[in-house]
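Quick notes on the structure that follows.
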Amino acid sequence: MRIAGSSCDSSANPLENVREFEISESEMAYLTIEEIRTLLAECENSRSKDLTTIVKICLATGSRWSEAEGLKGNQIRAGQIIYVKTKGKKTARCR
């Protein structure tokens, strides 16, 4: 179908000939030892009783905040943390 007074065809995809552009992945960032010490000191000063524990779990395992915060007692055993239903839909074990 043609739009009156236009050379455009309304059934054609206007982006048909535009190529996708590549998005480079961002570089991973890491905390320095001093930044970790500062972070943990601030956590200790917090009123949140579980904050320091969750932050330590994230630092030790590389887990996402939501994964560490959502841990249940049965996911921690024999020096291991078992993450279920991670973002990658896998079960992960961390020592």
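Every heavy atom of this structure was used, including side-chain atoms; hydrogens, water molecules and symmetry mates were not. Small disclaimer: the values here were computed from a predicted structure and weren't measured.
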Between side-chain atoms of residues 46-56 and protein atoms elsewhere (two or more places apart, or another chain), which donor-acceptor pairs fall under 3.5 Å?
| unit_1 | atom_1 | unit_2 | atom_2 | d |
| --- | --- | --- | --- | --- |
| S46 | OG | S48 | N | 3.0 |

Query raised in the report: Can L71 be reached from W65 by stepping across I, L, V, M, F, W or Y side chains whose heavy atoms are under 4.5 Å apart?
Result: no
Query - With E34 via salt bridge (Lys or Arg N to Asp or Glu O under 4.0 Å) - residues at least two apart - result: R37
Requested in this report: Rounded to the nearest 0.5 Å, what's the gap from CD1 on I57 to CD1 on I81? Could you check?
Outcome: 4.5 Å
Report summary line: Note: Y30 and E35 closest approach over all heavy atoms is O-OE1, 4.0 Å
Query raised in the report: What's the shortest heavy-atom distance between G70 and Q75, and which atoms?
Result: O-OE1, 3.9 Å
